[in-house]
Amino acid sequence: MLLDVSESQLVLIDYQERLMPAMADAAGVLANAARLATAAQLLEVPVFGTEQNPSKLGALPAELRERCRRTLAKMEFSACAEGLSEWLRPPQKAPQGNARSLPRHLQKPRDEQPAGRGSIVVAGCEAHVCLLQTALDLLGDEFEVWVVTDACASRTERNRDAAFDRLAGAGAELVTTEMVLFEWLGGAEHPLFKQVQALIK
């Protein structure tokens, strides 16, 4: 199973200025988050961000925040508890224009509502708290979840790795930044191949 760029959305979780200094490999993790966000913007993949208790922990870095369509300020650890799933899968509109009393063959055809983009690529901090709880809730909401391991961090590697084990066991796909970018491209003939490839050179 490969990522389909037309079915993907990117969620960047809590890369906040007062949180990142405590994260293991913070610089590398932030660099990969920036690569993901830049490639997503180039390839027209919707990007969303979250900020945990931003009045205390600060905002997302500007280079990430400016690429997000929306940023969710939250107090719950799972962003889904505060409405993220609704952002990723807007509610379908109620059917309009059909009188219930009409026989089916006289009713106006109902427009099929697109299901939306169901593959959610997630990355962020802390892997064993906000990222884990958000990803598990996304799985529960019947999204496909792809966790970008080299763009995730916790204060300790043990906590981070325990989160990955648990997420894999729950059905999330564990991937790396380069896996995501090259699966989004699909091949070397993609018109944006050189621009995306330049992000990782």
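For the salt bridge (Lys or Arg N to Asp or Glu O under 4.0 Å) condition, the pairs that include at least one residue of residues 141-165, sequence neighbours left out, are Glu126-Arg155. Listed by first and then second residue, the side-chain hydrogen bond (donor to acceptor under 3.5 Å, both in side chains) pairs that reach into residues 38-49 are Thr38-Arg67, Gln41-Arg67, sequence neighbours excluded.
Here the OG-CG distance, from Ser154 to Asn159, works out to 5.5 Å after rounding to the nearest 0.5 Å. Taking CZ from Arg18 and CG from Asn53, the interatomic distance works out to 9.5 Å, rounded to the nearest 0.5 Å. To the nearest 0.5 Å, the span separating CG on Leu131 from SG on Cys152 amounts to 4.5 Å. Between the CD1 atom of Ile120 and the CD atom of Glu7 there is a distance of 10.0 Å, given to the nearest 0.5 Å. The CG atom of Leu136 sits 9.5 Å away from the SG atom of Cys80 when rounded to the nearest 0.5 Å. For the atom pair CG of Leu42 and CG of Leu199, the computed distance is 6.5 Å after rounding to the nearest 0.5 Å.
Residues Leu43 and His190 come closest through the heavy atom pair CD2-CE1, 3.5 Å. Across all their heavy atoms, Ala163 and Ala127 have their closest contact at CB-O, 3.3 Å. Minimum heavy-atom separation, Leu167 to Ala135: CD2-CB, 3.5 Å. Nearest approach of Ala172 to Leu139, heavy atoms of both residues: N-CD1, 4.0 Å. When all heavy atoms of Ala153 and Val29 are compared, the closest pair comes out as CB-CG2, 3.9 Å. Nearest heavy atoms, Phe48 versus Cys68: C-SG, 3.8 Å.
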List the atom pairs, with distances to 0.1 Å, where a side-chain N or O of residues 9-17 and a protein N or O form a donor-acceptor pair under 3.5 Å, not counting sequence neighbours.
unit_1: Gln9; atom_1: NE2; unit_2: Leu88; atom_2: O; d: 3.0
unit_1: Gln9; atom_1: NE2; unit_2: Arg117; atom_2: O; d: 2.8
unit_1: Asp14; atom_1: OD1; unit_2: Thr50; atom_2: OG1; d: 2.7
unit_1: Asp14; atom_1: OD1; unit_2: Gln52; atom_2: N; d: 3.3
unit_1: Asp14; atom_1: OD2; unit_2: Lys74; atom_2: NZ; d: 3.0
unit_1: Tyr15; atom_1: OH; unit_2: Gly124; atom_2: N; d: 3.1
unit_1: Tyr15; atom_1: OH; unit_2: Ala151; atom_2: O; d: 2.4
unit_1: Gln16; atom_1: OE1; unit_2: Gln52; atom_2: N; d: 2.8
unit_1: Gln16; atom_1: NE2; unit_2: Gln52; atom_2: O; d: 2.9
unit_1: Gln16; atom_1: NE2; unit_2: Gly58; atom_2: O; d: 2.8

Anything under 3.5 Å between a donor and an acceptor, one on a side chain of residues 191-198, the other on a protein residue two or more places apart or in another chain? List them.
none

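Leu132 and Val148 fall into different hydrophobic clusters, where Ile, Leu, Val, Met, Phe, Trp and Tyr are joined by side-chain heavy atoms under 4.5 Å apart, directly or via other members. Val45 and Trp87 fall into different hydrophobic clusters, defined by Ile, Leu, Val, Met, Phe, Trp and Tyr side-chain heavy atoms under 4.5 Å apart, directly or through other members. There is no path of hydrophobic side-chain contacts, each under 4.5 Å, that joins Met1 to Leu174. Taking hydrophobic clusters as Ile, Leu, Val, Met, Phe, Trp and Tyr residues chained together by side-chain heavy-atom distances below 4.5 Å, Leu36 does not share a cluster with Phe164. No continuous path of hydrophobic side-chain contacts links Val129 to Met23 [ILVMFWY only; heavy atoms under 4.5 Å].
With sequence neighbours left out, the side chain to side chain contact (heavy atoms under 4.5 Å, CB included) criterion links Ala31 to Arg35. Scanning for side chain to side chain contact (heavy atoms under 4.5 Å, CB included) contacts around Arg65 gives Glu51, Ala59, Leu60, Thr71, with sequence neighbours left out. For Met179, the side chain to side chain contact (heavy atoms under 4.5 Å, CB included) partners are Val175, Thr176, Glu183, not counting sequence neighbours. For Ala162, the side chain to side chain contact (heavy atoms under 4.5 Å, CB included) test picks out no residue, with sequence neighbours left out.
Think of Leu2 as one node in a network of Ile, Leu, Val, Met, Phe, Trp and Tyr side chains linked at under 4.5 Å; it has no links at all. As a member of the Ile/Leu/Val/Met/Phe/Trp/Tyr network built from side-chain separations under 4.5 Å, Leu57 groups with nothing else and remains a singleton.
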Candidate pair Ser119 and Leu3, rule side chain to side chain contact (heavy atoms under 4.5 Å, CB included), full reasoning
CA-CA 7 Å; Ser119 295; Leu3 266 172; 4.1 Å; yes
Evaluate Ile200 against Leu181 for side chain to side chain contact (heavy atoms under 4.5 Å, CB included), listing each step before the verdict.
CA-CA 9 Å; Ile200 54 177; Leu181 300 190; 3.8 Å; yes
